[in-house]
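Report on the structure given below.
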Amino acid sequence: MACNVSFNARTAQKAQMLLSRRIIIRKLDPRSVRVVAGVDASYIVNRGRELGVGVAVALDAKPPFRAKACSVYIGEVCVPYIPGLLAFRELAVMAPALSKIVNLIDLIIVDGHGISHPRRFGIASHIGVIYGKPSIGVAKKKLIGREKNIDDLTVVVNDAGEPVAAVLKKGGQRLYVSPGHLVDLPSAIAIVESLTRNKLPEPTLRADSISKAIRSILKGVAPLGASEVLAPCEFRIKASLEEASVILQRLRQLGLKASMG
DNA sequence: GCGACAG
DNA sequence: ATCTTGTCGC
């Protein structure tokens with residue numbers, strides 16, 4: 001028996017329309033951001049079932065962006081990817097991970113959009129509202145709106161004529177930065193700039209490398225340096241008994257802290 | 001009907 | 001996101 005969870009796209013859209021009214025857009029002083037969270041989700045297909053890996057890492061907002069805590073949740077995902085409804089898929093595994101470290105952080109950087117969304121409620125806004133924390137969406141591709149140049153800044157404008165994102169060029173990468181919750185566009189731009197050294201913000205990079213390392217381990221390969229990258233992480237696995245046991249064993253073999261539930 | 005379409 | 005070979009550039 002797999003995927004006992006059902007998903008209704010129309011209901012999900014209604015939820016977004018209701019929840020979007022809770023978004024607060026306002027200035028956020030970058031100096032008030034001391035610890036920031038990076039989140040990520042990856043997937044792996046196993047006998048027709050889809051396992052999701054949710055990662056949440058807390059790091060200093062200043063170089064060298066030292067990791068202070070990390071939580072990983074592994075469980076089955078029963079929601080498909082539908083453009084505009086990404087949050088319902090990713091949150092299934094990201095929320096259990098983020099909940100473990102949310103008390104430590106001042107802001108969340110999310111892969112995906114914030115208010116630059118058909119219903120003004122992308123995954124970054126969703127996470128921000130649910131946790132009552134400032135959040136910023138940083139996406140690699142545009143979801144909605146048209147781009148418009150204002151002086152030397154490129155912004156994304158929605159159908160209502162409202163600027164909902166800015167385009168940052170980082171090492172050949174286009175980054176769509178949009179407010180999620182408790183932050184405005186100028187603040188979001190300044191904060192993302194301060195967190196970006198390479199092509200992506202450091203929190204995203206860190207969550208991504210953790211996610212990739214876990215993925216390799218689950219596929220039976222132990223990447224060099226995996227133990228170091230995953231050292232700050234605690235793991236929780238929710239799966240069938242035999243499946244969870246195998247995963248648990250592999251992680252513990254590498255000296256990692258893993259449990260079930 | 002057609003194009004667009006985060007991860 | 002994931003799959004997947006060779007290839008371009010630092």
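No hydrogens, no waters, no symmetry mates; every other heavy atom, side chains included, goes into these values. Residue numbering restarts at 1 for every chain, and letters A, B, ... go by the order of the sequence lines. None of these values were measured; they are calculated from a predicted model.
Counting only Watson-Crick or G-U wobble pairs whose defining distances are both under 3.5 Å, DNA chain C contains no stem of 3 or more consecutive pairs.
Within 4.0 Å of A/Gly84, counting heavy atoms only, lies at least one base atom of the nucleic acid. Counting any heavy atom pair closer than 4.0 Å across all strands shown, A/Tyr81 reaches a base atom. Counting any heavy atom pair closer than 4.0 Å across all strands shown, A/Lys219 reaches sugar-phosphate atoms only and no base atom. Using a 4.0 Å heavy-atom cutoff across all strands shown, A/Arg215 reaches sugar-phosphate atoms only and no base atom. At a threshold of 4.0 angstrom between heavy atoms, the contacts of A/Leu85 include nucleobase atoms, whether or not backbone atoms are also involved. A/Ile82 comes within contact range of no nucleotide atom at all, as no heavy-atom separation falls under 4.0 Å.
For the side chain to side chain contact (heavy atoms under 4.5 Å, CB included) with A/Val156, the qualifying choice from A/Lys148, A/Glu162, A/Glu147 is A/Glu147, the only one to do so. With respect to A/Val192, the side chain to side chain contact (heavy atoms under 4.5 Å, CB included) criterion is satisfied by exactly one of A/Leu195, A/Ile189, A/Thr196: A/Thr196.
Residues A/Leu28 and A/Leu182 fail the side-chain proximity criterion, which asks for heavy atoms closer than 4.5 Å. No side-chain heavy atom of A/Val53 sits under 4.5 Å from any side-chain heavy atom of A/Lys212. For the pair A/Pro118 and A/Leu143, the minimum side-chain heavy-atom distance is below 4.5 Å.
Residue A/Asp159 qualifies as open at atom CG: its count of foreign heavy atoms under 6.0 Å is 12 or below.
Between A/Leu86 atom CG and C/dT2 atom P the separation is 13 Å, expressed in whole Å. What separates NZ of A/Lys199 from C1' of C/dG9 is a distance of 11 Å, to the nearest Å.
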How far apart are the C-alpha atoms of A/Asp184 and A/Ser187, what are their side-chain angles, what is the distance that settles it, and do they pass the side-chain hydrogen bond (donor to acceptor under 3.5 Å, both in side chains) test? CA-CA 5 Å; A/Asp184 62 11; A/Ser187 303; 2.6 Å; yes
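Nearest heavy atoms, A/Ser125 versus A/Arg120: OG-O, 4.3 Å.
With a heavy-atom cut-off of 4.0 Å to chain A, the contacted part of DNA chain B has its first and last nucleotide at B/dC5 to B/dG7.
In this structure, A/Arg197 fails the cation-pi test against A/Phe65, since its NZ or CZ atom is not both closer than 6.0 Å to the six-membered ring centre and inside 45 degrees of the ring normal.
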